[in-house]
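Accompanying notes for the structure given below.
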Number of protein chains: 2
Amino acid sequence: MKENPSAPPVRPRPVTLATVARHAQVHVSTVSRALSADPAGIGADTVLRVRELAAVLGYRRDEGAAGLRTGSSRLIGVLVPRLTDLVLASIYESIDAAASAAGYGTVVANTLDDREHRRVRLDAMLSRRIDGVIIGDSHIGDTVAHELRRSGIPYVLVMRKLEGHLSVTTDDYRGGQLAAEHLLELGHRRVGVIAGDQLASTGRERTLGFRRAFESAGYPLPDPYVVESAFSTPSGLVAAGELMRLPQPPTAIFAVHDLLALGAMGAIRDAGKRVGDDVALIGYNDLDLAATLPVPLTSVRSDLQRMGTLSVEALLTGIKGEPAASVLLPPELIVRATTPPLRA
Amino acid sequence: MKENPSAPPVRPRPVTLATVARHAQVHVSTVSRALSADPAGIGADTVLRVRELAAVLGYRRDEGAAGLRTGSSRLIGVLVPRLTDLVLASIYESIDAAASAAGYGTVVANTLDDREHRRVRLDAMLSRRIDGVIIGDSHIGDTVAHELRRSGIPYVLVMRKLEGHLSVTTDDYRGGQLAAEHLLELGHRRVGVIAGDQLASTGRERTLGFRRAFESAGYPLPDPYVVESAFSTPSGLVAAGELMRLPQPPTAIFAVHDLLALGAMGAIRDAGKRVGDDVALIGYNDLDLAATLPVPLTSVRSDLQRMGTLSVEALLTGIKGEPAASVLLPPELIVRATTPPLRA
DNA sequence: GTCCTTCCTGCAATCGTTTGCGCCTATGGG
DNA sequence: CCCATAGGCGCAAACGATTGCAGGAAGGAC
């Protein structure tokens, strides 16, 4: 017995199948079978005895070891731009919940919309022999999806789509339209768009739907009225600032993300105008906080939970080897105080 | 239009040490050593040849198999109440970044501040033989930390502390004091607190520090002026509503979380008052969006990134078997527009 | 009493890596 | 010319779980 008081408490040797087998006086293979979901070919009393013993001893299956043998890690990887984007956090939450319910674990990675990060993190995931990937950060021109297809690893795109790849998204083009139609109806003619990242299908399609709707109503948007941005609050502040400094500032702004709208609120205030009465504002995604802002935000809602859940479903059927179909969810406009009737 | 990239017929057999060994005409053990960080006892030319070959063939170390042999999964678990809480998302982001830089992977779990969820998710983590745990959701009366100590698995508490356990937190008591001192200086005497969850050390200490400061200034807070809550925007709306409906509503509100303050803004508006001029407001954590709100929010800042990074450091020294010390970071008051000088 | 099922359980191989041990071949010293 | 030494590699045994196969006992049919 060696005394080593400064060392941390000794980590007790984990309880394995062998431990249980020894106590139960049976072979480990019998224990394995008895503990499996369908203990075929094992006596009912043995099953009971083994299970009880396993519980008492605190047996825990080693997923790593099991995965080595079975070839499946029961782990799925999730790629997101960043989790501090509330939208992605929401989606990830429901992905994790759905996966967990199906007996899968998840690992997320922030890719920061950066090529190199994406590569490194995906590599780490593949090293863990993940069973599939949910891609929440797809970019036009990005190759992750192609690589996965080539390696034969099941994957699904969520939130952002990409031509020719399985995806679960909401109809962003339609969402842009909805926003435009609402503003047109209110009488707005000179409007601005905070367009987000144009390499993300969300930013592109929402902007496109919005633009087209104004075009076909006879009020096309000049280029300076559409400004690209990231998907963050500070970025919204900057972009809206540009819009407000135009010689003829817009009477309404469509921000393709609620956080952008939040930033826009700051810029509108900085310009000495009031949100709503002076400058109308529409956000996107209808986050919780949209409703409780000092001036409640009109926003296009997309069902984030549903997207997360469906993407897991699609991935799992893919993992089973069955074919899955892309899903396009309908958006919905939620009207609140930032888009009041226009005064004559 | 092929829409099912998910399941090509055959998944190519992964490249293992054996594959590389065959091509290099050496034994797998040689390949293993050649590929290790310190290829001692292997000829320099062999090392080079093997590494090159491994790269060409696309060899990827199977972490699961390696972990089985070495007993370490190079994986750390992170428990958070929920990732849609921006504060926790920020912390997790920096945890993940720091862990990743140190060659570790992370798995998060939302525990929803719920006992059962915590148990289940921790169990799943232990099944993956994680090397350590970072607990971001500790609750007074919760047993997770005790269990981990008993099993001898290294762990660190972050954000929320618990008597007698290693933790990395900010001085929440001091933070509450800072908020109180500021309001006292401005001349506020009748104030309210949205106190958060009193089973979380954050909610408790921030509230306590604030209360004590007002007490010692001679203006103790009557009970109805301190209302408990969750840590979400809707919850802030409700709590502030209660405060505003008191016979003598407070002239200032301290919310122990920025999202609560956001909700409070809504309630103040609903009560027909203006944030800042009519009712002062202080939040906590100084999230990005605090600065860009229509009325920029005064907030107590805690360094979330730093907490995340330090918690990883502490955990890793714990994993190495060395002793680590708890850290208490200083908070800082950021004054903005929601706490203007009081008019006489 | 013999033979054939049917049930239950054990045996052993396998997944991909790591690592203690031992063998072989140069090499240098005496 | 012989021997000790060391560098470079291979061998094989783990780690913990799963699973095809085989074997043994009990029980029924004839």
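Note that this is a predicted model, so its numbers are computed, not measured. Numbered from 1 within each chain, the chains take letters A, B, ... in sequence-line order.
Taking 4.0 Å as the cut-off between side-chain N and carboxylate O, A:R121 and A:D137 do not count as a salt-bridged pair.
Distance B:R22 CZ to C:dG16 C1': 13 Å, rounded to the nearest Å. One can place CZ of A:R128 at 14 Å from P of C:dT17, the figure rounded to the nearest angstrom. The nearest whole Å value for the distance from the CZ atom in B:R74 to the P atom in C:dG16 is 22 Å. Atom pair A:D45:CG and C:dC7:C1' shows a separation of 12 Å (rounding to whole Å applied). Atom CG of B:L35 and atom P of C:dG16 are 16 Å apart (whole Å). The interatomic distance linking B:I42 (CD1) with D:dG10 (P) rounds to 8 Å, in whole Å. Atom pair A:R61:CZ and D:dC15:C1' shows a separation of 16 Å (rounding to whole Å applied). Atom P of nucleotide D:dT18 and atom CG of A:D62 are separated by 10 Å, given to the nearest angstrom.
The residue among A:A44 and A:V28 whose nearest nucleotide of DNA chain C is located toward the 5' end is A:A44. Heavy-atom distances to DNA chain D give each of B:R49 and B:A65 a nearest nucleotide, and the one nearer the 5′ end belongs to B:R49. The 5' end of DNA chain D is approached more closely, in terms of each residue's nearest nucleotide, by B:S29 than by the other of B:L68 and B:S29.
Distance from the side chain of A:L17 is smallest to D:dT18 among C:dG16, D:dG16, D:dT18. The side chain of A:H27 lies closest to C:dA12 when the candidates are D:dT18, C:dT17, C:dA12.
The heavy-atom pair separating B:T317 from B:P323 by the smallest distance is OG1-O, 4.4 Å. Closest approach of A:R49 to A:A24, counting heavy atoms only: NH1-O, 2.7 Å.
Partners of B:Y155 under the ring pair (Phe, Tyr, Trp, His ring centres under 6.0 Å) rule, at least two apart in sequence or in another chain, are B:H165.
Under 3.5 Å, the side chain of A:T30 and the base of C:dC8 form no donor-acceptor pair of N or O atoms. The base of C:dG16 lies outside donor-acceptor range of the side chain of B:R60, with no N or O pair under 3.5 Å. For B:R33 against C:dG20, a side-chain N or O and a base N or O form a donor-acceptor pair under 3.5 Å. No N or O donor and acceptor, one from the side chain of A:T70 and one from the base of C:dC15, sit under 3.5 Å apart.
When side chains are defined from C-beta on, A:V156 does not count as touching A:I135, because their heavy atoms never get closer than 4.5 Å.
Proximity of B:S32 to the phosphate of C:dG16: no side-chain N or O atom is located under 4.0 Å from OP1 or OP2. Taking side-chain N and O atoms only, A:T46 has no distance below 4.0 Å to OP1 or OP2 of C:dC8.
At a threshold of 4.0 angstrom between heavy atoms, the contacts of A:G43 are confined to the sugar-phosphate backbone, with no base atom among them.
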